[in-house]
> 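The structure's right below; bear with me while I get my questions together.
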Amino acid sequence: MDKCLIGLGLIRGVYDTNIYFYNKLVIVLLYVDDIILFNMDSSSSTAFDFIAESLLLSFKMKDLGPVRKFLGFEVSNVVENGLKLSKASFNDRNGVSINQDTYLRTILTRYKVTPGRPILTPADPWNKIDCATCIDNALSDSDKTTYQSIIGTDRRSIGGYAFFLGKSLISWKAKRQTVVALSSLEAELMSCSEASREAIWLCNLLIEITNNGNFSEAERLRASGKVTINCDNQGALATILRGTANLTNRTKHINIRFFHARDMQEKGLACFKYIPTTDNVADVLTKALGGSRHDEMVRMLGMRDLSN
């Protein structure tokens, strides 16, 4: 496939090698045997048709038309000749929305969870489990394994981030951290480090896409410096902004690789700013929230109820 696309005149991406560019007219997204073609020329589909027809002649494949499903995601609001990207609000019918409804139902089926009465939040933040209420002894070994595969089994913190391009959510992550944090400052610092790496990659990828895979190092650095990363922990933010001047007994033991955020701040590749916890949308990815708070964060992420 790679040789075929290169032979057709496409340029392979540097920051995501699954992306190919064709004269600023067509973008090809390839993952194993799934392919999406994006027509970037609103006035003509000539280049788009050329790439599509060439692939159909070179490989045994089907043209499924406008994308509806891709890698577990379901896509809606799609028009002919690729996706119609829009800067309009999420509810604008000219935009694009994605969901994982089928995937989530598969997970529910796997763990034998049947649909019941809906609740306002997936986890009750005020619910406390103690020895008197624990049902661990009532579970069989197989049940314990299944239960642990769902919730995890250690005391490592969960870090998360959410990146927006304009008002559109384009990247998000929630993952248990690799080491046990000794304080909330340390946990937040590790999350900021992870977010800074994602921010730089997103910038590079965006520039590559908008420049058809061709851009200079100077352009990369200029664009990367425009990224703002918000953090709601004052201690972690002070460590990033002040560097060694803020080195204390609480931070001197932290692995140097988690100071990547500070390095990016000093080089001007990222700008870290304080944001109140009430405005931090990544909160919903890392902790249990009350019903009203959870609903507010979901709306701020740009999500909506598929049933409406």
Side-chain angles (χ1 to χ4, degrees), residues 87 89-91 119-128 155-177 179-203 206 224-251 254 258-305:
K87 293 182 180 179
S89 67
F90 186 85
N91 292 322
I119 57 176
L120 296 176
T121 178
D124 186 352
W126 297 284
N127 185 35
K128 295 183 179 181
R155 294 180 179 273
R156 289 176 293 169
S157 300
I158 296 177
Y161 57 70
F163 281 98
F164 291 80
L165 181 60
K167 294 183 179 180
S168 299
L169 182 66
I170 60 171
S171 178
W172 61 94
K173 184 177 183 179
K175 183 180 180 181
R176 198 173 299 277
Q177 295 177 339
V179 298
V180 176
L182 301 182
S183 65
S184 60
L185 182 154
E186 185 175 350
E188 292 284 350
L189 195 59
M190 287 190 282
S191 293
C192 287
S193 178
E194 182 76 16
S196 67
R197 293 193 293 272
E198 179 72 3
I200 300 305
W201 177 77
L202 285 172
C203 280
L206 181 60
S224 297
K226 298 178 182 179
V227 180
T228 297
I229 301 177
N230 296 317
C231 173
D232 63 358
N233 186 287
Q234 296 276 23
L237 192 63
T239 302
I240 293 171
L241 299 180
R242 296 171 56 190
T244 55
N246 199 54
L247 191 64
T248 66
N249 289 334
R250 297 177 62 196
T251 59
I254 299 176
F258 295 125
F259 286 97
H260 181 267
R262 186 174 68 194
D263 187 49
M264 293 297 98
Q265 174 77 22
E266 292 175 350
K267 291 180 178 178
L269 300 179
C271 178
F272 284 85
K273 293 184 178 180
Y274 175 74
I275 186 173
T277 301
T278 53
D279 297 327
N280 185 7
V281 295
D283 246 18
V284 73
L285 302 175
T286 61
K287 59 176 68 72
L289 301 174
S292 59
R293 175 66 175 162
H294 177 83
D295 188 53
E296 179 186 8
M297 293 291 98
V298 165
R299 289 198 304 270
M300 290 173 67
L301 285 171
M303 299 175 67
R304 62 180 174 88
D305 189 344

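No hydrogens, no waters, no symmetry mates; every other heavy atom, side chains included, goes into these values.
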> Take His294 and Val284 through the test side-chain contact (heavy atoms from CB on, under 4.5 Å) and record every step on the way to the result.
CA-CA 6 Å; His294 177 83; Val284 73; 3.4 Å; yes

> From Tyr161 OH over to Arg197 CZ, what is the distance, rounded to the nearest 0.5 angstrom?
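The distance works out to 9.0 Å.
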
> For the residue pair Glu188 and Ser157, confirm or rule out a side-chain donor-acceptor distance under 3.5 Å.
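Their side chains do not contain a donor-acceptor pair, so the 3.5 Å distance test is not met.
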
> Enter the distance from Leu237:CG to Leu185:CG here, rounded to the nearest 0.5 Å.
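If I round to the nearest 0.5 Å, the distance is 10.0 Å.
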
> Which distance, rounded to the nearest 0.5 Å, do you find between the CZ of Phe163 and the CD of Glu198?
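Phe163 atom CZ to Glu198 atom CD measures 6.0 Å (nearest 0.5 Å).
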
> From the options Ile229, Ile200, Val227, select the one residue that forms a side-chain contact (heavy atoms from CB on, under 4.5 Å) with Met264.
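When side-chain contact (heavy atoms from CB on, under 4.5 Å) is applied between Met264 and each of Ile229, Ile200, Val227, only Ile200 qualifies.
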
> Quick one: closest heavy-atom pair of Arg156 and Val180, and the distance?
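Shortest heavy-atom separation between Arg156 and Val180 comes out as CG-CG2, 3.7 Å.
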
> Hey, what do you get for CG (Leu301) to CD (Glu296), rounding to the nearest 0.5 Å?
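If I round to the nearest 0.5 Å, the distance is 11.0 Å.
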
> Does the side chain of Gln177 reach to within under 4.5 Å of the side chain of Ser191, using non-hydrogen atoms?
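In contact.
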
> Roughly how far, to the nearest 0.5 Å, is CD1 of Ile158 from CZ of Arg176?
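So the gap between those two atoms works out to 4.5 Å.
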
> Evaluate the side-chain proximity of Leu241 to Gln265: yes if any heavy-atom separation is below 4.5 Å, no if none is.
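When only atoms from C-beta onward are counted, Leu241 and Gln265 do touch, with a gap below 4.5 Å.
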
> At their closest point, which heavy atom of Thr228 faces which heavy atom of Lys273, and how far apart are they?
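Scanning both residues, the minimum pair turns out to be CG2-CD, 3.9 Å.
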
> I'd like to know whether NZ of Lys175 has more than 12 heavy-atom contacts from other residues, nucleotides or ligands below 6.0 angstrom.
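Open.
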
> Of the options Asn230, Asp232, Thr286, Asn233, which is the one that meets Asn280 in a side chain to side chain donor-acceptor pair (under 3.5 Å)?
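Exactly one pass, corresponding to Asp232.
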
> First locate atom CD1 of Ile240, then atom NE2 of His260, and finally report the distance between them rounded to the nearest 0.5 Å.
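So the gap between those two atoms works out to 11.5 Å.
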
> Considering non-hydrogen atoms only, spot the tightest contact between Thr277 and Arg293 and give its length.
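Reported closest heavy-atom pair: O-NH2, 2.6 Å.
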
